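Predicted model only: the values in this text are computed from it and were never measured.
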Amino acid sequence: MEALIYSSFTHLPPWSINFSSSSIRIHVKKKITANINSLPKHTTPLTRQKQSLLAIIFNAFDRFISTFLDPSPLRPSLDPEHVLSGHYAPVEELPPTACEVVGGGSPLPRCLDGAYIRNGPNPRLIPNGPYHLYDGDGMLHVLRISHGKPTTFCSRHVYTHKHAVEGEAGYPFVPSPFASCNGGVAASMARLMLILARIVAGKFDPLNQGFGTANTSVALFRGIGIFALCESDLPYKVKITEEGDIATVGRHYFHESNKPFLNMTAHPKIDEETGEAFAYRYNVSPPYLSFFRIDSDGRKQKDVPIYSIKKCTMIHDFGVTKNYAIFPDSQIVVNPLWILGGRSPVGIDSSKIQRIGFIPRYAMDDGDMWWIDSPGLNVLHCVNAWEEDGGATIVVVATNASKVEKIFESFHSSELRMEKITINVKAKTVERNLLSTTFLELGAVNPAYAAKKNRYVYAAIIGSKALIGMVKIDLSLANEDGRDCIVASHLYGPGCCGSEPSFVPREPNNPTAEEDDGYLITYLHDENSGESKFLVMDAKSDALDVIVAVKLPCRIPFGFHGLFVSETDLEKL
């Protein structure tokens, strides 16, 4: 039941009968379909399967709620006609398809032999009622590179429990914490009852099978597998086939079969030296936060409940250093009781004082955890964290939402900026340095410097409607004077939408290589030409020059986090 309370409900296609008093909502599907059909090929959602009688009855009730109980018009951030347009419109699956280099030198750098995988929300079925950008089914876009040449590209959904039950129903009904309870008390309660009815009828099993979308990130546990993740569910293991396809293996429990846990963070931290992964999950009942470790054999270890968290905080990311795990306790909270008031269970507690918590990463309990108040710090992503001065100083590089109350409306309006946060361990003090006034997100570093002191950070520039470019930040320039630390930047141009950067070292096995000696890779879509590309950029150049571009056989919609997996690591899976 905990998973149900945490979530809410969502996505409701329209009734086929024309009710003139509710024409806006009833025709949302028609409008979205028209918008999607006007885009380049590879943009039409999957067709529905034949429905059972029970599914038809449940779906009719869903449509009734959407038509008569949801507000009209919907807010732009919850209106599928608005959300699923332009760069955000969904695409179909695409089997492995050949692609070619269209710009720059050829072949591609040999260090890029392997696979680049990017995850993101891509609804399988067109929604009608309240829909949020974070709600879409996870879709992985995979480019395979071999011997310096791009070979195939494919796009595949992650086949979650949500994907399966909605496919069987021919209808998007699985709960969403961001959208489903924003329609008022009547709509929220009606959806709650309908979800319970589906569970009783055996059409939905969130407690045993999960209800997440697996749409947020991708992680490699070396020698164990590649995983698609979101924080409301367990990871889903996926594999890349010899043909360049990507297939879902299934929901993964990390060998905890007796008492399987329900969810974990979408941002586990992997220690490249030990092979361990550090992770956590937050809950709507005590303990509100649990920290744990997954060993190098892929086995989950004992939970460490953190009882000093007194309410459920939506902790999206955290940091890990040589000796500590670092948890930001922000104003983004989860309160299931808000559903009774007809609002989302995820929201902002403006009265809460933000703080940062530190716990030894091999702690057996939370007895040695300590906290520092840090007003105004609402961390979304931790780019990197490390220790200095023999452990006397901890440094965290993170993005902070200056206007956190806008975080669920758009990235741009929440004014995300990157900061260097320095903690004096003995004095328990925090010093914050703004790295740039530019709105930045989705930061990356050379993976060899994870949990170690690094100099350079690469991040996406946030525009009003898309990620419009990329920057290189020199952390050594950070000081109290607030100097802008951007030392290189690249703008994509009007109508273009980029993705998160990933850094790939030019010589990954050379310990003496310079930190920025490598390449930045990302996906880009150009609305003007209708083309999507895979870009390879020189990380050392002053303008982050594009040295090679690969034309992709389909449109790449906006997404979240990506991962490069080398050929060597692929061979070990």
Side-chain angles (χ1 to χ4, degrees), residues 1 3-5 7-19 22 25-30 32-33 36 44-70 80 84 90 92-93 121-131 135-139 156-177 179-181 183 186-215 232-234 236 247-248 250-251 262:
M1 192 64 188
L4 286 176
I5 296 175
S7 98
S8 351
F9 320 101
T10 193
H11 330 306
L12 307 167
W15 223 341
S16 58
I17 302 175
N18 182 18
F19 293 91
S22 303
R25 260 191 318 280
I26 294 174
H27 294 296
V28 163
K29 177 184 175 183
K30 183 176 180 180
I32 295 177
T33 303
I36 292 173
T44 306
L46 299 179
T47 56
R48 296 180 181 178
Q49 298 178 9
K50 185 177 180 180
Q51 300 172 0
S52 67
L53 177 61
L54 194 57
I56 292 172
I57 295 172
F58 285 143
N59 296 350
F61 278 111
D62 256 325
R63 292 172 184 133
F64 178 87
I65 297 169
S66 175
T67 303
F68 294 106
L69 300 183
D70 280 332
L84 296 175
E92 277 188 333
E93 289 190 322
N122 188 89
R124 181 190 187 192
L125 297 167
I126 297 176
N128 174 38
Y131 174 87
D135 290 343
D137 300 277
M139 177 172 273
R156 294 292 191 189
H157 276 116
V158 184
Y159 296 154
T160 61
H161 179 56
K162 174 185 183 299
H163 186 279
V165 296
E166 289 186 341
E168 182 180 352
Y171 199 85
F173 68 84
V174 172
S176 156
S180 300
C181 291
S188 298
M189 292 301 99
R191 286 196 174 103
L192 174 60
M193 294 300 103
L194 193 53
I195 286 295
L196 292 175
R198 289 184 189 270
I199 292 173
V200 171
K203 298 299 181 180
F204 183 38
D205 187 9
L207 290 182
N208 293 309
Q209 302 296 329
F211 65 94
T213 55
N215 70 3
S232 62
D233 205 341
L234 292 178
Y236 275 79
T248 302
R251 196 165 181 249
L262 296 178

- Message: For the CG atom of Leu196 and the CZ atom of Phe204, what is their distance to the nearest 0.5 Å?
- Response: 10.5 Å
- Glu93 side, atom CD; His157 side, atom NE2 - distance, nearest 0.5 Å: 6.0 Å
- Under a 4.5 Å cut-off applied to non-hydrogen side-chain atoms, are Ile195 and Phe173 in contact? yes
- Message: Restricting to ring-ring contact (aromatic ring centres under 6.0 Å, His included), what partner residues turn up for Tyr159, sequence neighbours left out?
- Response: His163
- Task: Quick one: closest heavy-atom pair of Leu194 and Ile65, and the distance?
- Result: CD2-CD1, 4.2 Å
- Message: I want to check something: taking the side chain as every heavy atom from C-beta on, are Thr248 and Val158 in contact at a cut-off of under 4.5 Å?
- Response: yes
- Going by heavy atoms in the side chains, are Asp205 and His161 under 4.5 Å from each other? yes
- Task: Return the minimal non-hydrogen interatomic distance between Tyr131 and Pro123, and the atom names on each side.
- Result: OH-CD, 3.4 Å
- Message: Which heavy atom of Ala190 sits nearest to which heavy atom of Leu69, and what is that distance?
- Response: CB-CD1, 4.0 Å
- Do the side chains of Pro121 and Asp135 get nearer than 4.5 Å, heavy atoms only? no
- Task: State plainly whether the residues Asp70 and Arg191 are in salt-bridge range, i.e. N to O under 4.0 Å.
- Result: yes
- How many angstroms lie between atom CZ of Arg124 and atom OG1 of Thr213, to the nearest 0.5 angstrom? 14.5 Å
- Contacts of Asp233 meeting side chain to side chain contact (heavy atoms under 4.5 Å, CB included) (sequence neighbours excluded), chain-then-number -> Cys230, Tyr236, Arg251
- Message: For a 4.5 angstrom cut-off between non-hydrogen side-chain atoms, does Tyr171 reach Arg63?
- Response: yes
- Could you tell me the separation between the CG atom of Leu234 and the OG1 atom of Thr160, rounded to the nearest 0.5 Å? 12.0 Å
- Measure from the side-chain N and O atoms of Glu166 to the backbone N and O of Leu125, and report whether any donor-acceptor pair falls under 3.5 Å. no
- Note on the structure: Residues at least two apart in sequence or cross-chain that pass salt bridge (Lys or Arg N to Asp or Glu O under 4.0 Å) with Arg198, listed by chain then number, are Asp62
- Query: Between Ala179 and Pro130, which heavy-atom pair has the shortest distance, and what is it?
  - Reply: O-CB, 3.3 Å
- Message: For Gly212 versus Ser232, what's the shortest heavy-atom pair and its separation?
- Response: CA-OG, 3.7 Å
- Message: Would you say that Asp137 contacts Asn215 through its side chain, given a criterion of any heavy-atom pair below 4.5 Å between the two side chains?
- Response: no
- Message: For Ala201, give me all partners under side chain to side chain contact (heavy atoms under 4.5 Å, CB included), at least two apart in sequence or on another chain.
- Response: Leu54, Phe58, Lys203
- Item | From CZ (Phe211) to CD1 (Ile199), nearest 0.5 Å | 10.0 Å
- Item | Any Leu84 side-chain heavy atom under 4.5 Å of Pro127 side chain | yes
- Side-chain contact test, heavy atoms from C-beta onward, threshold under 4.5 Å: evaluate it for Ile126 versus Pro80 and give yes or no. no
